[in-house]
Chemist: 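Attaching a single structure in structure tokens format; questions to follow.
Bear in mind that the values here come from a model prediction, so they are computed numbers and not experimental data.
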Amino acid sequence: MSDTRGPRAATAIFEATLGLLAERGYDGLTIEAVARQAGVNKTTIYRWWPSKPALLRATVLHARALDIDVPDTGSLRGDLVALVEQVVALLTGPHAEPVVRALAGGSGQPELAELTRDLFADRFARERPIFERARARGELPATDPKLLVDLLAGAVWVRVLLRREAVPDGFAAEAVDAVIR
């Protein structure tokens, strides 16, 4: 079974999973509670996702609340600024921020460590076209694209999750300009 498929109620199930994760943390997240909140039978969930880690993986990788649209502005700088702005919005948004905190806070759990790796690999695979287009336009020298993403997204994660500081206006452009100089 592929994680991209799911029952008709997948959106409600994913929303319930994210809400309960934010509210209760990973340890307090149960399939029974997700089923109750989503208004489905728990057998519906178990039919598609046989365990809590499988449900959480599908939710994190496919829930729209945690998604990022890959920009195509016509320039590397424009794409990166738009991408960083989306990461800022995601990490500071009222729906995703508590979920991201719960995931980051449970990194000592093997299931969450693996999920975090999968999430970042999935997002980088989605972002790869930014760098392919930039290379084709001659804007990107032999630089590791993953390093650029790590530096930019890392700046946001440190500011928001570790320092718990607000991200000032213009942060995305300033960070991108500092990195791509």
Chemist: What's the shortest heavy-atom distance between Pro71 and Gln86, and which atoms?
Modeler: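 For Pro71 and Gln86, the tightest heavy-atom pair comes out as CD-NE2, 3.9 Å.
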
Chemist: Is Val88 close to Val160 at the side-chain level, that is, under 4.5 Å between some pair of heavy atoms?
Modeler: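 Side-chain contact under 4.5 Å: no.
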
Chemist: Start with the C-alpha gap between Asp144 and Asp150, add the side-chain angles, then the distance that decides, and say whether side-chain contact (heavy atoms from CB on, under 4.5 Å) holds.
Modeler: CA-CA 10 Å; Asp144 177 11; Asp150 288 351; over 6 Å; no

Chemist: How about Asp169: does its CG atom have over 12 heavy atoms from other parts shown lying under 6.0 Å from it?
Modeler: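 No, because the 6.0 Å sphere around CG of Asp169 holds 12 heavy atoms or fewer from other groups.
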
Chemist: Is a donor on one side and an acceptor on the other found under 3.5 Å between the side chain of Thr59 and the backbone of Leu55?
Modeler: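 Yes.
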
Chemist: Return the CD1 to CD distance between Ile45 and Glu32, rounded to the nearest 0.5 Å.
Modeler: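 Here the interatomic distance stands at 8.5 Å.
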
Chemist: If you define the side chain from C-beta out and look only at heavy atoms, does anything of Trp48 sit under 4.5 Å from Ile13?
Modeler: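 Sidechains of Ile13 and Trp48: no contact.
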
Chemist: Are Val156 and Leu147 connected in a single hydrophobic cluster, I mean Ile/Leu/Val/Met/Phe/Trp/Tyr linked by side-chain heavy atoms less than 4.5 Å apart?
Modeler: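 Both belong to a single hydrophobic cluster.
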
Chemist: Taking the side chain as every heavy atom from C-beta outward, state whether Leu83 and Val70 have any atom pair closer than 4.5 Å.
Modeler: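 Contact flag for Leu83/Val70 side chains = no.
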
Chemist: Tell me, please, whether Tyr26 has Lys52 positioned over its six-membered ring: NZ or CZ under 6.0 Å from the ring centre and within 45 degrees of its axis?
Modeler: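 Cation-pi check for Lys52 and Tyr26: passes.
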
Chemist: Check whether any side-chain heavy atom of Leu115 sits under 4.5 Å from a side-chain heavy atom of Pro53, and report yes or no.
Modeler: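 With C-beta onward as the side chain, the pair stays apart.
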
Chemist: Any side-chain heavy atom of Phe124 within less than 4.5 Å of one from Pro145?
Modeler: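 Yes; the side chains approach each other to less than 4.5 Å.
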
Chemist: Considering all heavy atoms of both residues, which atom of Trp49 and which atom of Ile31 are nearest to each other, and what is their separation?
Modeler: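 Heavy atoms only, the tightest pair is O-CD1, 4.4 Å.
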
Chemist: Apply side-chain contact (heavy atoms from CB on, under 4.5 Å) to Val87 and Leu91, showing your working.
Modeler: CA-CA 6 Å; Val87 172; Leu91 295 183; 4.0 Å; yes

Chemist: I need the Leu90 CG to Arg123 CZ distance, nearest 0.5 Å.
Modeler: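 Going from CG on Leu90 over to CZ on Arg123, the span is 8.0 Å.
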
Chemist: Please confirm whether Trp157 and Phe120 have ring centers closer than 6.0 angstrom.
Modeler: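 When the ring centroids of Trp157 and Phe120 are compared, they turn out to be within the sub-6.0 Å range.
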
Chemist: Let me confirm one number: the CZ-OG1 distance from Arg159 to Thr92, rounded to the nearest 0.5 Å.
Modeler: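 Between Arg159 CZ and Thr92 OG1, I get 12.5 Å after rounding to 0.5 Å.
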
Chemist: Find out whether Phe14 and Val60 are in side-chain contact, i.e. whether some heavy atom of one side chain is under 4.5 Å from a heavy atom of the other.
Modeler: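 A side-chain contact is absent here, since even the closest heavy-atom pair is not under 4.5 Å.
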
Chemist: Using every non-hydrogen atom in the two residues, find where Ala38 and Ala12 come nearest and quote the distance to one decimal.
Modeler: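 Closest approach of Ala38 to Ala12, heavy atoms only: CB-O, 3.7 Å.
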
Chemist: Which heavy atom in Arg24 sits nearest to a heavy atom in Ala33, and how many Å separate them?
Modeler: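 Closest pair (atom of Arg24, atom of Ala33, distance): NH1-CB, 3.3 Å.
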
Chemist: Is it the case that one hydrophobic cluster holds both Leu119 and Val158, taking links as side-chain heavy atoms less than 4.5 Å apart, direct or via other members?
Modeler: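 No, it is not one cluster - the side chains of Leu119 and Val158 are not joined through contacts under 4.5 Å.
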
Chemist: Cut-off 3.5 Å, no hydrogens considered: what does the side-chain donor-acceptor table look like for residues 174-181, sequence neighbours left out?
Modeler:
from, atom 1, to, atom 2, distance (Å)
Asp177, OD1, Arg77, NE, 2.6
Asp177, OD1, Arg77, NH2, 3.4
Asp177, OD2, Arg77, NH2, 3.1

Chemist: Once you round to the nearest 0.5 Å, how far does CG of Asp69 lie from CZ of Arg126?
Modeler: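 Atom-to-atom, Asp69:CG and Arg126:CZ are 9.0 Å apart.
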
Chemist: Considering non-hydrogen atoms only, spot the tightest contact between Ala35 and Asn41 and give its length.
Modeler: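 Looking at all heavy atoms of both residues, the closest pair is CB-C, 4.1 Å.
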
Chemist: Compare all side-chain heavy atoms of Ser51 with those of Arg57 and state whether any distance is below 4.5 angstrom.
Modeler: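 Of all side-chain heavy-atom pairs linking Arg57 with Ser51, none is under 4.5 Å.
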
Chemist: For a quick test of reading the model, state the closest non-hydrogen atom pair linking Pro168 to Ala166 and the distance between them.
Modeler: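 Minimum heavy-atom separation between Pro168 and Ala166: CD-O, 3.5 Å.
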
Chemist: Side chains of Glu85 and Phe171: closer than 4.5 Å at any heavy-atom pair?
Modeler: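 No, their side chains stay 4.5 Å or more apart.
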
Chemist: Using the side-chain contact (heavy atoms from CB on, under 4.5 Å) rule, pick out the option among Glu127, Arg133, Glu139 that qualifies with Asp79.
Modeler: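 Of the listed residues Glu127, Arg133, Glu139, the side-chain contact (heavy atoms from CB on, under 4.5 Å) partner of Asp79 is Arg133.
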
